[in-house]
Number of protein chains: 2
Amino acid sequence: MSSLTARAEILLQTLIKRYIADGLPVGSRTLAKQAGLDLSPATVRNVMADLEELGLVRSPHTSAGRIPTQAGYRLFVDSLLKVDKEQFNAKTLHEIEEELSSVKDPKKLITTASGLLSHMTRLAAVVSVPRRNEKLQFRQIEFVGLSNNRVLVILVTRDGQVQNRVIYTDHKFSPSELVQAANYFNQAFGGFSLEEVRKQLLREMKQDSLAMRQMMRDAINMAKPVFDEESSSKEDLVVSGESNLMDIPDLGDLKTLRRLFDTFTAKRDLAHLLDESVRREGVKIFIGSESGYEALEECSVVTAPYKMNENIVGTLGVVGPTRMSYEQVIPIVDMTARLLSGALSLDDS
Amino acid sequence: MSSLTARAEILLQTLIKRYIADGLPVGSRTLAKQAGLDLSPATVRNVMADLEELGLVRSPHTSAGRIPTQAGYRLFVDSLLKVDKEQFNAKTLHEIEEELSSVKDPKKLITTASGLLSHMTRLAAVVSVPRRNEKLQFRQIEFVGLSNNRVLVILVTRDGQVQNRVIYTDHKFSPSELVQAANYFNQAFGGFSLEEVRKQLLREMKQDSLAMRQMMRDAINMAKPVFDEESSSKEDLVVSGESNLMDIPDLGDLKTLRRLFDTFTAKRDLAHLLDESVRREGVKIFIGSESGYEALEECSVVTAPYKMNENIVGTLGVVGPTRMSYEQVIPIVDMTARLLSGALSLDDS
DNA sequence: TTTTAGCACTCGCCCACCTAGAGTGCCAAA
DNA sequence: TTTGGCACTCTAGGTGGGCGAGTGCTAAAA
């Protein structure tokens, strides 16, 4: 890739900014005035011809101006775009921070973050709900007998998260049996991480030594499903502000919109996309078909991972038209990820 | 309301059916052929003029055929429409029944029902999640101490539903204190309905007799929030298949669609609408502005309440264009409500 | 060599106009 | 009361011309 002349870069940059601003193809005349380079339209035309040859811009038809191609956007966000981290004033930032920190429940926190994101960007927001962290410490288990040989198993972690599930047993347990089983279990595994507990359970079941009392065996059998479930629980997503996309003229096509909405509902593709972003810190951008999903062809996705106590646990992002204001969206996504990380980490004292 | 002649009724009925089928205004020529009455177009025109005067049909413009008005639809569903309950074959019905009864978790049952509904009708489906039934029997409460004076309160009802909440206390409780408090509470209130428990709690707190031991007081104070919460917990909705509405030409207007989607997201208006339907058994239909919500002006809503052990606990329904196939939608909504009732009631043995 | 002015050309958009077709309302006859 | 006939109305869709925006190219200027 031969590097562009400084002039070409400036022109490309102004073209893209202009196009992002009003969505109309930009002509040489406009561009010449806008760029502040004191060039004639004719010269600009020559440069545009070069850019077109490089595949960075194209004209929708002969007598229209130029619009950026996907490659053009790519170059733009990679090297032409200077993101002003301070761009949204400290006041707004503070409001957001407050709004987030006022929410106690982690699940609600995710929803709130998603809502904020879509509200600020006026685009669709996606936040991945972190799968339950295996590092969490096991605190307590509780068995509650129900009718018909059913037992309600309640699992509590050290930070106060609760998971529960009804299981079926092969015979009826008396209340005191259940209490005993729970006591045994709590003593045996208290303070372990969920991961360790599950591993240990597997081991115990394999051995199944004769020395093991029936009661312990029951306790383990009853508890096992709850510990298994969480590991198989697939990551979920919270989506909000989808309908914002209906106001965007670029996606005016009902067909496109329909596929987009179906993607949001199915969530599968989006989940994959967010997963991509989970590995590395910082904002990541998928432009058009870079996402690899047909439904997102006309869209860009801006994502950033968020952390909980220094571990990346999930990703958030927004989906909008390729012609979105990256300048504004990027810092918003970035900050929201940071603030969410902060809010999530605070509580776990 | 002067009653229509039999002929007028037949014509109106065929007109509406025809219009529902292909969405085009129906002219006198077509209608004359279709109705099987052996009338000339001219005669039909006369009748149409009468119907127009009665406000049952209207023409979009001079040289178009007629389309039903809201009042026309009303009359149609009220007295002209014969719904064939047997219309969808027993096989389908069985499949649905099986799909529903294979789901154990009540929450998932709601989601599944919603999905089925939208899939079968190709419209948007709404199912209200029943607010926690106050008639439910209290079974057990559990207090789990967390860090920083926080206590996790877990409430279990007889049928195995779990509600939990973290509360802040003014001092740290020892594990044994928490166990004692829970024991006291469980003995005092076991077997009561949630409603009774809350009432009783209020009474106890008012008295606050000196004779009351500190431990009981603590127990009551800790438990109270959980019992209060549920009563204030607003009814929630599960919506699915919204994007089906994007395929419907009647709602082609992006503006309309946008408002509709916002309504689905906000859910408030829909919840009210479903509430309307909760009082009386059977299918209820809101046509166009009858719903009272502007966003639903171009839509009809078909709802039916569902039960759990003979008590109506929620409502389900579909939202679609006014020009929907009531003939098909009504029995689907009806059957789904019945089947959901069945599936919900089975489990609570 | 680079930049600029000039010019012919292309294309999309808008508007005005037209026509065909569908359907109506009304009147007079059956 | 019903019907055929007829004049009328309105929409959808197609056509053609003018306008404006913008281009590519060429030749002259810097």
Side-chain angles (χ1 to χ4, degrees), chain A residues 2-12 14-16 18-19 21-69 72 249-250 252-253, chain B residues 2-12 14-16 18-19 21-69 72 249-250 252-253:
Chain A
S2 76
S3 65
L4 267 44
T5 65
R7 196 174 65 179
E9 279 193 354
I10 293 177
L11 282 175
L12 178 59
T14 17
L15 182 144
I16 296 187
R18 178 77 191 211
Y19 181 68
D22 51 40
L24 268 33
V26 188
S28 55
R29 189 186 204 73
T30 329
L31 202 47
K33 275 188 234 161
Q34 193 90 14
L37 285 180
D38 202 27
L39 290 177
S40 78
T43 316
V44 172
R45 281 204 284 280
N46 289 329
V47 180
M48 296 317 276
D50 297 346
L51 290 178
E52 184 148 12
E53 218 165 325
L54 289 171
L56 297 171
V57 302
R58 64 189 183 86
S59 4
H61 57 85
T62 324
S63 85
R66 304 302 211 292
I67 63 177
T69 62
D250 302 43
D253 191 3
Chain B
S2 76
S3 65
L4 267 44
T5 64
R7 196 174 63 180
E9 279 193 353
I10 293 177
L11 282 175
L12 178 59
T14 17
L15 183 145
I16 295 187
R18 177 79 190 210
Y19 181 68
D22 49 41
L24 267 32
V26 188
S28 54
R29 188 186 206 73
T30 328
L31 202 46
K33 274 188 238 159
Q34 194 90 15
L37 285 179
D38 200 29
L39 290 177
S40 78
T43 316
V44 172
R45 282 204 284 280
N46 290 329
V47 180
M48 297 318 277
D50 297 345
L51 290 178
E52 184 148 14
E53 219 166 326
L54 289 171
L56 297 170
V57 302
R58 64 188 183 86
S59 3
H61 56 83
T62 324
S63 85
R66 303 304 211 291
I67 63 178
T69 63
D250 303 43
D253 192 4

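Every chain is numbered from 1 and lettered A, B, ... according to where its sequence line falls, protein lines coming before strand lines.
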Close residues, residues 61-69 of chain B, relative to DNA chain D [heavy-atom separation under 4.0 Å]: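 B:His61, B:Thr62, B:Ser63 - these, ordered by number, are the residues of the stretch whose heavy atoms sit under 4.0 Å from the strand.
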Close approaches to DNA chain D from residues 26-39 of chain A, in residue order (heavy atom, under 4.0 Å):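 Those residues are A:Gly27, A:Ser28.
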Partners meeting side-chain hydrogen bond (donor to acceptor under 3.5 Å, both in side chains) with B:Asp253 (sequence neighbours left out):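 Partners of B:Asp253 under the side-chain hydrogen bond (donor to acceptor under 3.5 Å, both in side chains) test: B:Thr256.
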If I compare all heavy atoms of [X] with all of [Y], which pair ends up nearest, and what's the gap?
X	Y	value
B:Met48	B:Val57	O-CG2, 4.1 Å
B:Gly72	B:Ile16	O-CD1, 3.6 Å
B:Gly55	B:Thr69	O-OG1, 2.6 Å

Would you find a donor on one side and an acceptor on the other, under 3.5 Å apart, between the side chain of B:Thr5 and the backbone of B:Ala8?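 Such a contact is found between B:Thr5 side chain and B:Ala8 backbone.
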Counterpart residues, side-chain contact (heavy atoms from CB on, under 4.5 Å), relative to [X] (two or more places apart):
X	value
A:Ser63	A:His61
A:Ile10	A:Thr14, A:Leu37
B:Ser40	B:Ala42, B:Thr43

Pairs in or reaching into residues 29-39 of chain A: which pass side-chain hydrogen bond (donor to acceptor under 3.5 Å, both in side chains), with residues at least two apart or in two chains?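 Every pair satisfying side-chain hydrogen bond (donor to acceptor under 3.5 Å, both in side chains) with a residue in residues 29-39 of chain A: A:Arg18-A:Gln34.
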Just so I know, are the side chains of B:Ser59 and B:Ile67 near enough to count as touching, which here means a heavy-atom distance under 4.5 Å?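 In short, these two side chains do not touch, never coming nearer than 4.5 Å.
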Are any of the side-chain heavy atoms of A:Leu31 and A:Val47 separated by less than 4.5 Å?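 The answer is no; the side chains never approach within 4.5 Å.
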Opening and closing nucleotides of DNA chain C in contact with chain A, under 4.0 Å to non-hydrogen atoms: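 So the contact region on DNA chain C extends C:dT3 to C:dG12.
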How does each nucleotide of nucleotides 25-30 of chain D score, in 5' to 3' order, for protein heavy atoms under 4.0 Å: base (B), sugar-phosphate only (S), or none (-)? ------
Just the rounded figure in Å: distance from [atom2] of [N] to [atom1] of [X].
X	N	atom1	atom2	result
A:Glu52	D:dT23	CD	P	10 Å
B:Met48	D:dT2	CE	P	15 Å
A:Glu53	D:dG24	CD	P	11 Å

What pairs of residues pass the salt bridge (charged side-chain N to carboxylate O under 4.0 Å, His left out) test when at least one of them lies in residues 42-67 of chain A, not counting sequence neighbours?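 Every pair satisfying salt bridge (charged side-chain N to carboxylate O under 4.0 Å, His left out) with a residue in residues 42-67 of chain A: A:Glu52-A:Arg66.
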Which residues share a salt bridge (Lys or Arg N to Asp or Glu O under 4.0 Å) with A:Asp250, sequence neighbours left out: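 Scan of A:Asp250 (salt bridge (Lys or Arg N to Asp or Glu O under 4.0 Å), adjacent residues dropped) gives A:Arg323.
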